[in-house]
Amino acid sequence: GNSVTQMEGPVTLSEEAFLTINCTYTATGYPSLFWYVQYPGEGLQLLLKATKADDKGSNKGFEATYRKETTSFHLEKGSVQVSDSAVYFCALMKGFQKLVFGTGTRLLVSP
Amino acid sequence: DAGVIQSPRHEVTEMGQEVTLRCKPISGHDYLFWYRQTMMRGLELLIYFNNNVPIDDSGMPEDRFSAKMPNASFSTLKIQPSEPRDSAVYFCASSPDWVRKTAGANVLTFGAGSRLTVL
């Protein structure tokens, strides 16, 4: 079946450091891929998405590229801020089926 | 748009009591989802509705859980009787229909969640 694997957290960085959160997926065909972010005490919010191979999703300085050859959708940001501290979820959707979420990766950014 | 509205935000109850969680989806969204989030199991889809009809309830853990959507603007998730292992954050989310999703609309909009503690 469809599944998403994310790197274990927490990821602890200093402000202005480079961020990578790895995400790989298992699915037949060409799923759509997403990153959601959950700030403390809030629900999940869509951060970015890509719907076909080689697409790059971007938002708020975050980027992720849909890599079919490596079945990956790694999240990156060149310079993190304290306000980026949150839990990040990778997810996929095939056709209109339910979204399948990864387990989430907590990011902690210190000043 | 007020977004997806959930109530209550926090609920503390005793084992055996009935719990009702409420959700108001975004107006015009055709799909409504109930998720449960725990440290142990992460984010689990419990059930989802399309045009008020339950489509997939395979994630509902057991008969103690039930969900209804009597109209397009309201859904409930009920646990009766509640148990301590039901303690979790329950999220409601809504989504536009498939055509609008492929045109670039947001896939899921989540509410802020209802934190349930069963003692």
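Each chain gets a letter, A, B and so on, in the order its sequence line appears, and its residues count up from 1.
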K.L.:
Quick check on the hydrophobic clustering: are B:L46 and B:Y48 connected, directly or via other members, by side-chain heavy-atom contacts under 4.5 Å?
P.N.:
no
K.L.:
Determine the sole option in B:F33, B:F91, B:Y35 for which the ring-ring contact (aromatic ring centres under 6.0 Å, His included) test with A:F101 is passed.
P.N.:
B:Y35
K.L.:
Taking side chain as everything from C-beta outward and backbone as N, CA, C, O, which of these in B:Q37 sits under 4.5 Å from a heavy atom of chain A? Side chain, backbone, both or neither.
P.N.:
side chain
K.L.:
Check the surroundings of atom CD in A:E16: do more than 12 heavy atoms from other residues, nucleotides or ligands lie under 6.0 Å from it?
P.N.:
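Open.
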K.L.:
Heavy-atom distances under 4.5 Å only: say whether A:Q45 touches chain B with side chain, backbone, both or neither.
P.N.:
neither
K.L.:
Are B:Y90 and B:L45 connected, step by step, through hydrophobic side chains (Ile, Leu, Val, Met, Phe, Trp, Tyr) whose heavy atoms are closer than 4.5 Å?
P.N.:
no
K.L.:
Membership question, hydrophobic clusters at under 4.5 Å side-chain separation (ILVMFWY): are A:V11 and A:L108 in the same one?
P.N.:
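Result: no, two separate clusters.
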K.L.:
Are more than 12 heavy atoms from other residues, nucleotides or ligands located less than 6.0 Å from atom CD of B:E14?
P.N.:
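At most 12 heavy atoms, drawn from other residues, nucleotides or ligands, come within 6.0 Å of this atom.
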K.L.:
Of all the heavy-atom pairs spanning B:F110 and A:L44, show the shortest one and how long it is.
P.N.:
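Closest approach of B:F110 to A:L44, heavy atoms only: CB-O, 3.3 Å.
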K.L.:
Examine whether an atom of B:S58 lies under 4.5 Å from a heavy atom of chain A, and if so say whether it belongs to the side chain, the backbone or both; otherwise answer neither.
P.N.:
side chain
K.L.:
Which region of B:R9, side chain (C-beta onward) or backbone (N, CA, C, O), has a non-hydrogen atom less than 4.5 Å from a non-hydrogen atom of chain A, or is it both or neither?
P.N.:
side chain
K.L.:
Are A:L46 and B:L108 close enough that some pair of their side-chain heavy atoms sits under 4.5 Å apart?
P.N.:
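Result no, sub-4.5 Å side-chain heavy-atom pair not found.
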K.L.:
State plainly whether one hydrophobic cluster holds both A:I21 and A:Y39, where clusters connect Ile, Leu, Val, Met, Phe, Trp and Tyr through side-chain heavy atoms under 4.5 angstrom apart.
P.N.:
yes
